[in-house]
2 protein chains.
Amino acid sequence: MSKPELGDPGPVEVFAALGDPTRLSLLTKLSDGQTRSIATLSTDTKLTRQAVTKHLHVLERAGLVASVRVGRESQFGYRPEPVAEARSYLDRVSAQWDEALTRLKALVER
Amino acid sequence: MSKPELGDPGPVEVFAALGDPTRLSLLTKLSDGQTRSIATLSTDTKLTRQAVTKHLHVLERAGLVASVRVGRESQFGYRPEPVAEARSYLDRVSAQWDEALTRLKALVER
DNA sequence: ATAAAAGGCAACCTTTCGGTTGCCTTTTTC
DNA sequence: GAAAAAGGCAACCGAAAGGTTGCCTTTTAT
């Protein structure tokens, strides 16, 4: 059945989550498949640990990362699904555009 | 030389621009290749013409649309380049992820 | 057993966003 | 040559975003 099930919202939320430099770099860092703690992700960031935490939660609400508390630290990991969704959304947009181009071409060459 | 040339900023700006429902729907509407006036785009939107105008300018700053003033109205049209950029950005992200998976698999199956 | 490391929580602040209203200019249309 | 249509400009407003600081809890290391 696959309920909407909270954890991968629509493309809008995903794009919004990607639309911030800090978040985008956190995500690309995590997309290497390794899992990282907040402290780790906070080094080389100029920002406070708290700020990073907030960004991570935004990413999490958008379904782009998931976290597990292990011992005293919580490990964050990349989740590929929403990116795939976003990608196919953009695919559809540019597909529509390509169609339009094709139609125009056909019209002109007639 | 290809100066940065204002008009297609990085992926962050593009994602930010896409991360709003109104903007996303304006863009998909325009991605059919047809050019539309602000008034036209404002119908069936509940929002004020001004609000729509602002959104269009955001899209324009992100390079996703371009406008030309023709007579008394300004026509907005879709610009495909930034979408392609964004798409390839996401491609790289998921490519990195896939690589990681592959490496992990190799390691495990050894 | 204490100290240090990692985090959660919450208050607070400033800037940006999304949106509205009012008014003025320019182009059309009749 | 008015009246209407399409927009631009600017002020203003409330809510959300991005960030900080302070303090308390839990886990780990010594």
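By convention in this document, chain letters (A, B, ...) are assigned in the order of the sequence lines, proteins followed by strands, and residues within each chain are numbered from 1.
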**Message:** Is there a side-chain contact (heavy atoms from CB on, under 4.5 Å) between B/V58 and B/R23? Walk through the geometry before answering.
**Reply:** CA-CA 8 Å; B/V58 173; B/R23 246 126 57 190; 3.8 Å; yes
**Item:** Side chains of A/L64 and A/L18 in contact at under 4.5 Å (non-hydrogen atoms)
**Value:** yes
**Request:** Using a cut-off of strictly less than 4.0 Å, decide whether B/T48 has a side-chain nitrogen or oxygen near OP1 or OP2 of C/dT20.
**Result:** yes
**Request:** With heavy atoms under 4.0 Å as the rule, sort A/A39 into base, sugar-phosphate or nothing.
**Result:** sugar-phosphate
**Between A/S37 and A/T40: side-chain donor-acceptor atoms closer than 3.5 Å** = yes
**Asked** Given D/dG7, is OP1 or OP2 found less than 4.0 Å from the side-chain N or O atoms of B/S37?
**Response** yes
**Asked** Does C/dG19 have OP1 or OP2 sitting under 4.0 Å from an N or O in the side chain of B/H55?
**Response** yes
**Asked** Over how many whole Å does the gap from A/R61 atom CZ to D/dG18 atom P extend?
**Response** 10 Å
**Request:** Enter the inter-axis angle for the ends of the helix from C/dA1-D/dT30 to C/dC30-D/dG1 (five pairs per end, rounded to 10°).
**Result:** 30°
**Asked** Counting side-chain heavy atoms from CB outward, which of D/dG7, D/dA4, D/dG19 is closest to B/R72?
**Response** D/dA4
**Prompt:** Please give, in whole Å, the distance from C/dC17 P to B/L47 CG?
**Reply:** 17 Å
**Item:** Separation of atom CG in A/L59 from atom C1' in D/dA17, rounded to whole Å
**Value:** 14 Å
**Asked** Rounded to whole angstrom units, what separation is found between the CD atom of A/E13 and the C1' atom of D/dA16?
**Response** 15 Å
**Asked** Does a donor on one side chain sit under 3.5 Å from an acceptor on the other, for A/S31 and B/Q96?
**Response** yes
**Prompt:** Expressed in angstrom and rounded to an integer, what is the separation of A/D20 atom CG from D/dA17 atom C1'?
**Reply:** 9 Å
**Request:** Search all heavy atoms of B/A17 against all heavy atoms of B/A62 and return the closest pair with its distance.
**Result:** CB-CB, 3.7 Å
**Asked** To the nearest Å, how far apart are A/Q75 CD and C/dA6 P?
**Response** 11 Å
**Prompt:** What nucleic acid atoms does B/Q50 come within less than 4.0 Å of, heavy atoms only: base, sugar-phosphate, or nothing?
**Reply:** base
**Message:** I want to confirm an ordering. Mapping A/G19 and A/E73 to their closest nucleotides on DNA chain D, which one lands closer to the 5' end?
**Reply:** A/G19
**Message:** Rounded to whole Å, please give me the gap between CD1 in B/I38 and C1' in C/dT25.
**Reply:** 15 Å
**Request:** In plain terms, say whether A/R103 and A/D98 are close enough for a salt bridge, that is, a side-chain N and a carboxylate O under 4.0 Å apart.
**Result:** no
**Prompt:** Looking at CZ of B/F76 and CD of B/E60, how far apart are the two atoms once the value is rounded to the nearest 0.5 Å?
**Reply:** 5.0 Å
**Request:** Could you tell me the separation between the CZ atom of A/R49 and the P atom of C/dG8, rounded to a whole number of Å?
**Result:** 8 Å
**Asked** Taking the inter-plane angle between the rings of A/F15 and A/Y89 on a 0 to 90° scale, is it parallel (under 30°), tilted (30 to 60°) or perpendicular (over 60°)?
**Response** perpendicular
**Request:** Examine C/dG7: is either OP1 or OP2 under 4.0 Å from a nitrogen or oxygen in the side chain of A/T53? Give yes or no.
**Result:** no
**Prompt:** Starting at the 5' end of DNA chain C and moving along, which residue's nearest nucleotide shows up first, B/K54 or A/R36?
**Reply:** A/R36
**Asked** Per the atom types in the model, does the base of C/dG7 pair as donor or acceptor with the side chain of A/R69 at under 3.5 Å?
**Response** no
